[in-house]
Amino acid sequence: MTASDPATSSAPHGAAPRAGALGHLRVLDLSRVLAGPWCTQNLADMGADVIKIEKPGEGDDTRHWGPPFFADAAGTPTEHACYFAACNRNKRSVTVDMATPEGQELIRELARQSDVLVENFKTGGLARYGLDYESLRNLNPRLIYCSVTGFGQTGPYAQRAGYDLLVQAMSGLMSITGRADSEPGGGPLRVGVAVIDLFTGMYATSAILSALEARHHTGRGQHIDMALLDVAMAVLANQGTGYLNSGSVPGRQGNTHPSVVPYQDFPTADGNMLLAIGNDGQFARFCAAAGVDWAKDTRFATNAGRVTHREILVPLMAAITRTRPTADWINLLEDKAVPCGPINHIGQAFDDPQVQHRGLRVEQERYPGAQPPAGEHINRVVTTASPMRLSDTPPTLRHAPPALGQHTEQVLREHLGVDAQRMAALRAKGVV
């Protein structure tokens, strides 16, 4: 983080952290992998006490999704995947075997005290444990219960398992991502991150906050049915709306835009750059800076004309952009309000001075001020900061992405009054 503009608030040594906007809420997280954990990390970053329930000895699937893996203090790769850290910051990990009656009872006791529960089991999968919405709302009518599935709680696909890649394909997203079939490397492509999982996590966050606001007026919780396919169809955005209103099926066109020109990558003397010229004024300023008079050409003066004549304009522009290095183009256009930038790899992006100024790299210790327990080889964890900036209640850094079961005894003692004798008995039976 930077002192000038920290992305998150962390308390000085020995001081209590700021509560955050959601510091009054307790969230029970029964979700795994990405969509559900992304949602609960949002809530945790904003101050909620998120208790992550994991299977003893195994934990979240993503703890094993590698490489890349964390390295120990000697630099030797461990068996612990970095993936898990992306979406489990600020949570406390509690291991409970929900297949056992004792484990189910522990979860019910925690749900009784929680404001929100998030789960991503198959539709109806938690009913056999007595942990479905109907069962838990009888214990806690104020509980907001968010279910995340591939296809929703209803419909012909409700029982199917759904994954981001599958839904990217089914929704049509892959049909508009990648280069056209006629071009080298053409064919449908997935987005480089699990974007539908991430969008679902963000929509789930918004839905939960809406349900919390409704509870202020009704005093009741409710069930939230989040489906990856629903989200994927929604985030087709202008492409989906264009089809619905015109009947025209959009196709893949690489880095170009269907409705805006020039809005794509261009070659430079030393690589490539990105131009995102969104209006006629920006195009005129680009032309003036580049020393060409295309903005006076009736074919190119308007965006509609540039879209119609893109096959003529783009090669003309490429011939010009090749004459200067990327950095020179950026410097030339920066003060003229013409959007232009490099095409970075991820390492270059984290080295960017704006990224560094905004404090988007955050480092935490799982065991601050203490040695990790025997057998635990990871302490330092680096993640990307929350992008949510609130002037009075910014995101807080309280817990690094936790070790499996790191907080089991703490949480069960703190919230359920489980003493040492009962804890030992639960461990002996493999419940925790």
Side-chain angles (χ1 to χ4, degrees), residues 14 16-17 19 23-32 37 40 44 47-61 63-64 79-80 84 88-119 121 125-132 135-143 145 364-379 381 398-432:
H24 57 295
L25 297 177
R26 182 172 303 145
V27 177
L28 191 57
D29 185 3
L30 305 186
S31 67
R32 303 141 295 162
T40 52
D49 177 19
V50 176
I51 299 169
K52 182 178 180 71
I53 303 297
E54 301 188 71
K55 186 175 181 179
E58 296 183 20
D60 192 308
D61 301 34
R63 289 187 181 273
H64 314 289
E79 61 183 10
H80 303 287
F84 175 83
N88 287 288
R89 178 182 54 235
N90 278 331
K91 304 177 187 180
R92 295 192 287 175
S93 172
V94 175
T95 51
V96 177
D97 185 353
M98 69 172 61
T100 65
E102 296 93 337
Q104 295 158 18
E105 184 57 31
L106 289 173
I107 295 173
R108 279 192 287 269
E109 290 181 52
L110 289 169
R112 194 192 302 269
Q113 301 178 16
S114 296
D115 297 282
V116 177
L117 185 148
V118 178
E119 58 91 7
F121 286 74
L126 287 177
R128 59 176 172 159
Y129 302 125
L131 300 175
D132 56 303
S135 297
L136 293 184
R137 76 167 178 174
N138 291 327
L139 298 177
N140 180 1
R142 291 175 55 81
L143 182 67
Y145 189 111
Q364 296 172 276
E365 292 183 351
R366 282 179 169 172
Y367 305 94
Q371 287 293 322
E376 178 55 63
H377 304 292
I378 301 166
N379 190 25
V381 182
R398 303 181 314 285
H399 309 293
L404 178 60
Q406 180 177 344
H407 305 97
T408 301
E409 293 191 16
Q410 179 191 66
V411 168
L412 297 186
R413 180 180 64 250
E414 177 183 313
H415 295 306
L416 305 184
V418 175
D419 59 21
Q421 183 177 3
R422 185 183 175 195
M423 183 67 67
L426 291 170
R427 288 198 182 281
K429 297 180 67 174
V431 175
V432 300

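The structure displayed is predicted, hence computed values, not measured ones. Reckoned from all heavy atoms, side chains included, excluding hydrogens, waters and symmetry mates.
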Colleague: Drop me the distance from Q406's CD to E376's CD, to the nearest 0.5 angstrom.
Modeller: 7.5 Å
Colleague: Testing the basics here: between A111 and L117, what is the closest heavy-atom pair and its distance to 0.1 Å?
Modeller: CB-CD1, 4.4 Å
Colleague: Return the NE2 to CZ distance between H64 and F84, rounded to the nearest 0.5 Å.
Modeller: 9.5 Å
Colleague: Checking side-chain polar atoms at under 3.5 Å, does R89 have a donor or acceptor matched by the opposite partner on Q364?
Modeller: no
Colleague: Would you give the length of the straight line joining atom CG of L126 to atom CD of E119, rounded to the nearest 0.5 angstrom?
Modeller: 4.5 Å
Colleague: Identify the two heavy atoms, one from E58 and one from L404, that lie closest to each other, and give their separation to 0.1 Å.
Modeller: N-CD2, 3.7 Å
Colleague: Check the pair E409, R427 against salt bridge (charged side-chain N to carboxylate O under 4.0 Å, His left out), reporting the backbone distance first and the verdict last.
Modeller: CA-CA 10 Å; E409 293 191 16; R427 288 198 182 281; 3.4 Å; yes
Colleague: Are the side chains of R32 and K55 in touch, meaning some heavy atoms are under 4.5 Å apart?
Modeller: no
Colleague: Give me the atom names and distance for the closest heavy-atom approach of L136 to Y145.
Modeller: CD1-CE1, 3.8 Å
Colleague: Would you call K429 and T100 a side-chain contact if the rule is heavy atoms closer than 4.5 Å?
Modeller: no
Colleague: Which residues pass the side-chain contact (heavy atoms from CB on, under 4.5 Å) test with Q113, not counting sequence neighbours?
Modeller: R26, H415, L416
Colleague: To check you understand the geometry: which heavy-atom pair defines the closest contact between P402 and S93, and what is its length?
Modeller: CG-CB, 3.6 Å
Colleague: Just to verify, which of D49, L143, L28, L25 counts as forming a side-chain contact (heavy atoms from CB on, under 4.5 Å) with D115?
Modeller: L25
Colleague: Quick check against the 3.5 Å criterion: does Q410 have a side-chain atom that pairs as donor or acceptor with the backbone of H407?
Modeller: no
Colleague: Test of understanding: with salt bridge (Lys or Arg N to Asp or Glu O under 4.0 Å), list the residues that count as partners of R128, not counting sequence neighbours.
Modeller: none
Colleague: Mind checking what makes side-chain contact (heavy atoms from CB on, under 4.5 Å) contact with Q104, not counting sequence neighbours?
Modeller: R108, Y129
Colleague: Is there side-chain contact between L106 and L426, with heavy atoms separated by less than 4.5 Å?
Modeller: yes
Colleague: I'd like to check L110 versus V96 (side-chain heavy atoms, cut-off strictly below 4.5 Å). Are they in contact?
Modeller: no
Colleague: Are the side chain of N379 and the backbone N or O of E365 linked by a donor-acceptor pair below 3.5 Å?
Modeller: no
Colleague: So, T40 and K52: side-chain donor and acceptor under 3.5 Å apart, yes or no?
Modeller: no
Colleague: Determine whether a donor-acceptor pair (N or O, by modelled atom type, separation under 3.5 Å) exists between the side chain of H377 and the backbone of P372.
Modeller: no
Colleague: Go through the structure and list residues passing side-chain contact (heavy atoms from CB on, under 4.5 Å) with N138, not counting sequence neighbours.
Modeller: none
Colleague: With a 3.5 Å distance limit and no angle check, can you tell me whether D60 reaches the backbone of R63 through a side-chain donor-acceptor pair?
Modeller: no
Colleague: From R422 CZ over to L412 CG, what is the distance, rounded to the nearest 0.5 angstrom?
Modeller: 8.0 Å
Colleague: Can you sort out the partners of R413 under salt bridge (Lys or Arg N to Asp or Glu O under 4.0 Å), two or more places apart, ordered by chain and number?
Modeller: none
Colleague: Using a strict cut-off of less than 4.0 Å between a Lys/Arg side-chain nitrogen and an Asp/Glu carboxylate oxygen, indicate whether K91 and E54 qualify as a salt bridge.
Modeller: no
Colleague: Once you round to the nearest 0.5 Å, how far does CG of N88 lie from OG of S31?
Modeller: 7.5 Å
Colleague: Could you tell me whether the side chain of D29 and the main chain of I51 form a donor-acceptor pair under 3.5 Å?
Modeller: no
Colleague: Can you list the residues that meet the side-chain contact (heavy atoms from CB on, under 4.5 Å) rule with R142, with sequence neighbours excluded?
Modeller: N140, R215
